[in-house]
Amino acid sequence: MTRTKILILPKEGVFDPQGEAVRNALIHLGLEETLSVRVGKEIVIEFKEADQEKLKRKVEEITKNFLSNPIIEEYKIEWEKEGQ
């Protein structure tokens with residue numbers, strides 16, 4: 001089994017209203033040291049055995065064109081194979 005974790009965050013400089021709301025809440029809750037918070041999403045997908053190179057290309061394509069908005073978001077894809 002192969003597993004991928006896709007982390008999608010707003011790009012630097014893009015206003016993140018959820019991040020700002022969490023930052024304000026943290027400050028209100030006593031974490032005055034909080035400078036910034038960025039809120040994103042993590043997508044975890046598990047695959048059965050497959051051609052790894054083909055799988056990586058397809059996940060990259062789908063992440064770029066479907067799961068994220070490349071105009072305002074950046075993403076990072078991490079791969080993990082069972083036994084690692």
Checklist entry - Do Arg38 and Arg23 come within less than 4.5 Å of each other through their side chains, counting heavy atoms only? => result no
Checklist entry - Hey, any chance Val14 and Val39 share a hydrophobic cluster, counting ILVMFWY side chains that come within less than 4.5 Å of each other, even indirectly? => result no
Checklist entry - With a 4.5 Å limit on heavy-atom distance, are the side chains of Arg3 and Ile45 in contact? => result no
Checklist entry - Got Leu67 and Tyr75 here, is their nearest side-chain heavy-atom distance under 4.5 Å? => result no
Checklist entry - With side chains defined as the heavy atoms from C-beta onward, is the minimum distance between Asn65 and Glu61 less than 4.5 Å? => result yes
Next on the checklist: Treating Glu73 as the side-chain partner and Asn69 as the backbone partner, does any N or O pair qualify as donor plus acceptor under 3.5 Å?
Outcome noted: yes
Next on the checklist: A side-chain contact here means heavy atoms from C-beta on lying under 4.5 Å apart; do Asp16 and Leu9 qualify?
Outcome noted: no
Item to check | Within 6.0 Å of NZ in Lys58, more than 12 heavy atoms from elsewhere | outcome: no
Checklist entry - Judged by modelled atom types alone, do Glu78 and Thr4 share a side-chain donor-acceptor pair under 3.5 Å? => result no
Checklist entry - Do Glu53 side-chain atoms and Asp51 backbone N/O form a donor-acceptor pair below 3.5 Å? => result no
Next on the checklist: When you compare the side chain of Glu42 with that of Lys5, does any pair of heavy atoms fall below 4.5 Å?
Outcome noted: yes
Checklist entry - Are Ile77 and Ile8 grouped together when hydrophobic residues (ILVMFWY) are joined by side-chain heavy atoms under 4.5 angstrom apart? => result yes
Checklist entry - When clusters are formed by joining ILVMFWY residues with side-chain heavy atoms under 4.5 Å apart, either directly or through shared neighbours, do Ile62 and Phe47 land in the same one? => result yes
